Structure formats: structure tokens, C-alpha cells
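Below is one structure, written out as C-alpha cells; comments come after it.
Every value quoted in this text rests on a predicted model; they were computed, and no experiment measured them. Labels below follow one simple rule: chain letters A, B, ... track the order of the sequence lines, proteins then strands, and each chain is numbered from 1.
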Protein chains: 2
Amino acid sequence: MKDVHNYDRDPDGSLYDPRVRAAMADFAGDPADPLTLLTFEAGAAVRTAYHSVERMRAHGSQGRGVSAGALDLLIRLNGSDAGISIGDLARAAGVSSRNVTGLVDTLENDGLVRRVPDPGDRRSVLARITPAGRAWIEAFREPSRLAMRAMFQGFSAEELVVFRDLCLRMAANQHHLADRLSHLSQNGEQP
Amino acid sequence: MKDVHNYDRDPDGSLYDPRVRAAMADFAGDPADPLTLLTFEAGAAVRTAYHSVERMRAHGSQGRGVSAGALDLLIRLNGSDAGISIGDLARAAGVSSRNVTGLVDTLENDGLVRRVPDPGDRRSVLARITPAGRAWIEAFREPSRLAMRAMFQGFSAEELVVFRDLCLRMAANQHHLADRLSHLSQNGEQP
DNA sequence: TCGTAGTTATGTACGTCCTTCATGGTAAGA
DNA sequence: TCTTACCATGAAGGACGTACATAACTACGA
């Protein structure tokens, strides 16, 4: 190994705006402890786990015109009779509204979702699941259940709860940080 | 609620090959217990967590011509002096070799990686990290560390270990299952 | 009432990841 | 030798996701 570099000064200014760096360091707290390696490993593990989930899902909804992001929307819409606006779907899923528009397009082409005008706001469009969409969900439920059970084979209920909550805490941290950063760049250059 | 459908027969033959279904059910074990909801929640949570990681990573490597999959490769290559073959990289990352070829293309265009012939096998090509690639990694290390620390803000060392291991157990399950399924479809139609 | 600022969905244009299939070059075992 | 298998890559395509611009519409203040 080489000796340790001096990371106290920015090795490459273009990587992060100093304000961003400061905000992160501030948010992260004490920067000099041994948890770092673990966080890298955990980050990589999440990526691996996600790919596993996606591969299972791809296998399950194979050749049926619905996949990944679209399925997320369909499941959300299955819980609502009146329908959900594009913007609300985007906020709930944490993606851009343009992306949701595209996903709803494909679902609508497949007849699983229908666009209806929002009676309360004429700018807004509600996506509403169709009977065919509900039938699709119904048919998907059991194979999906089997696949998920297989994915989490050997996990106890407690482990599942812990796992879910750790994932969500991560996401909350990221959301919080993104909020701070965007808020920070909206305001003046120097506080 | 409506009454329960009869899921003992396949509600839609095109969803899963019966052999695949049987293999999954067999692998998953007892199908009639209350863990199912938790597995769905956990699956969705993984997806959310992954998006958080990706967003952080995108923020960090922004505008530097390296992202996600390419970064994974670069980090792997940083650990090897001689270089790693395309096929080995693909197997290690769990993606198609064609995909790795493309990622190495972009890294090579950026000057971070170089292709060298494999002295032991003239079919094979080794990807080897360049000094510029190592410098990139070096510059990326600290901001990335801060970002990861922020992502896992509030996680104890024990929680990180548990989280990492749960992710990897998931991936192992999926891998195991995929092996069984491919093995199953390679052999005859009826066992 | 009018005008302005903000919101909503969507068109356009991109970039990235990942896949399958086909192909020419190469290794290795019959 | 010759047949089979493996290796990287060309070609083509699907899906996800982004940013920016725009037309329709709402809401709020003068």
C-alpha cells in the first residue's frame, strides 16, 4: 500500500462544489472513523440486491408489455379507484413527471390504464387502472408471490422488517440530503 | 374483498412455465404463511434504496464521463495490475459480456482504461486501468466517502454489517434460483 | 377585472444500461 | 486434423431516466 493521501483538501475541485462538500460533511458528522469501508460495501450490496430483484421481476412479467417502473405504477394505481395524477405518481415514486408520463403511455397502450381528466383541476390528468389492469394484477399476484418468497428464502420475519427499514432509512437520508443540496444551490453562492 | 381465486392452477399459462413455477414453489418451500407481504415490501424497499444510491453516485461523478456500471468496472480494475478479461469482468459483475465491452469502450475513450492482449489466450482481451484511471479513482475516493457516509448516516456498524449481509443473501438466493431454472430448461421438457 | 407567476402534462432530444443474435477469430479435445 | 466450445464484438432494440421548452390552466395580487 502507499501512504495515506491528505484528503483534508479537495483533491479535485471539479468533483464537488465546496459548498456541497461542506454540506455533506456537515450532514455526515465526524469524518474520521472506521465505518467508511462498511458503507461502501453496503452501497455495492444494495446495487447487487437490486439487480437480483429486477432479474426476477423481468422473468415474471416477461413478454407481457409491463416491466419495472410501469409495474410500480400499476401496483400503486391498483390501490385507488378514482385514479392518481401524473404528478402525484411521480412524487410518490421519486422520479420525474416526464418519466411517469411515458410509463403511463405504455400502460395505456396495453389497455391496463386509462387517462381521465381531473374534475378538480383541468391542467391535471388522472391515471386510472382499467378492469384489464386489475385482471393483470390478479394474474401476476401469485407468480410474483412465489418469486418473492424465493428471493427471501431463509429470511425470518424479523430480518425482513429490519431489512425493509434499513432500506427506507437510507432512502430518507438521501432525500434529506438532496433537499439540503438543492436548497443550498437555490440560495446565494456564499451563505 | 372478492373471494379467493383458485391459484392452484395457473391463472395465465404465459406468466410462468409450469416447470418454472414448480421449481420456484419447491425452492420457496411452504407457500401458505404470512411472510408474503413483508417480502413485497422488502423488494420495493430495495428498489427505493438502489435509486438513492444511484442518485448519489450520479451527483458525484457528474460531468466526468463515468457513471454507474462503468464505475463498478473501474473500481474492480483498480485492484488489478495485470488487467482483467472482458469475460471475467462480466461474470464478476453478473452482466452480459457484451455490456462490459461497451462499458470498456467508453472508459477507453476517456483514457481511464486500456485494452491489452491477453498473453495466455489470443481470443481474450484484458482491460487494464491507466495512470489516469488511477488518478480518477483517487480523486473520486474522498467525495464518494463523504457521500456514502451521508447515505448511511445514523447506521451503526452492526446495522451496516447486517444490511450488507441481507443484501448478499438475497442475491445468492436469486443466483441459486436462476441456476436451477436455466439448468432445468437446458434439460428435457419433462424430468 | 386583468396580469403575472407558478403548476401540469407533455413534446423533443439525449444518454445510459442491458439484452439477444450473429460472426470471425482462437483453443482444446476427439 | 476437425469438431466443438469459447471469446470479444458488430448490429439492433427495449427500457429507464434526465433536462429543457411549451401550451394550457390556476391562483393570487394590483
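- For residues 92-102 of chain B, the set of pairs meeting the salt bridge (Lys or Arg N to Asp or Glu O under 4.0 Å) definition, not counting sequence neighbours, is empty.
- Annotation: side-chain contact (heavy atoms from CB on, under 4.5 Å) contacts of B:Ala132 (sequence neighbours excluded): B:Leu112, B:Thr130.
- Here C:dA9 presents its P atom at 14 Å from CG of A:Leu103, a figure rounded to the nearest Å.
- OP1 or OP2 of C:dT26 has not a single side-chain nitrogen or oxygen of B:Ser124 nearer than 4.0 Å.
- Within residues 114-123 of chain A, the residues approaching DNA chain D are A:Asp121, A:Arg122, A:Arg123, by heavy-atom distance under 4.0 Å.
- Between the CG atom of A:Leu126 and the P atom of C:dT10 there is a distance of 11 Å, given to the nearest Å.
- As a whole-Å value, the separation of A:Ile84 CD1 from C:dA9 C1' is 16 Å.
- With sequence neighbours excluded, the residues forming a salt bridge (Lys or Arg N to Asp or Glu O under 4.0 Å) with A:Arg123 are A:Asp121, listed by chain and number.
- When side chains are defined from C-beta on, A:Ile137 counts as touching A:Ile129, because their heavy atoms get closer than 4.5 Å.
- Contacts of B:Ala42 classified as side-chain contact (heavy atoms from CB on, under 4.5 Å), with partners at least two apart in sequence or in another chain: A:Phe152, A:Leu160, A:Phe163.
- For A:Arg122, there are no side-chain hydrogen bond (donor to acceptor under 3.5 Å, both in side chains) partners two or more places apart in sequence or in a different chain.
- The closest side-chain heavy-atom distance from B:Val100 to B:Arg91 is not below 4.5 Å.
- As a whole-Å value, the separation of B:Asp72 CG from C:dT16 C1' is 14 Å.
- Near DNA chain C, meaning a heavy atom under 4.0 Å from it, residues 73-81 of chain A has no residue at all.
- Sorted by first and then second residue, the pairs that involve residues 161-170 of chain A and meet side-chain hydrogen bond (donor to acceptor under 3.5 Å, both in side chains), not counting sequence neighbours, are A:Arg164-B:Glu41, A:Arg169-B:Glu159.
- Atom P of nucleotide C:dA9 and atom CD of A:Glu108 are separated by 14 Å, given to the nearest angstrom.
- Every residue was checked against the side-chain contact (heavy atoms from CB on, under 4.5 Å) condition with A:Ala135, not counting sequence neighbours, and none meets it.
- Following rounding to the nearest Å, A:Leu107 (CG) and D:dA15 (P) show an atom-to-atom distance of 11 Å.
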Return the polar atom pairs (N/O with N/O) between nucleotides 18-22 of chain D and the protein under 3.5 Å, or none.
unit_1 : atom_1 : unit_2  : atom_2 : d
D:dT18 : OP2    : A:Ser96 : N      : 2.9
D:dT18 : OP2    : A:Ser96 : OG     : 2.6

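- Checked against salt bridge (Lys or Arg N to Asp or Glu O under 4.0 Å), B:Asp118 has no partners two or more places apart in sequence or in another chain.
- With rounding to whole Å, B:Asp105 atom CG is found 14 Å from C:dC18 atom C1'.
- B:Asp81 pairs by the side-chain hydrogen bond (donor to acceptor under 3.5 Å, both in side chains) definition with B:Arg134, not counting sequence neighbours.
- Between the CG atom of A:Leu89 and the P atom of C:dT10 there is a distance of 11 Å, rounded to whole Å.
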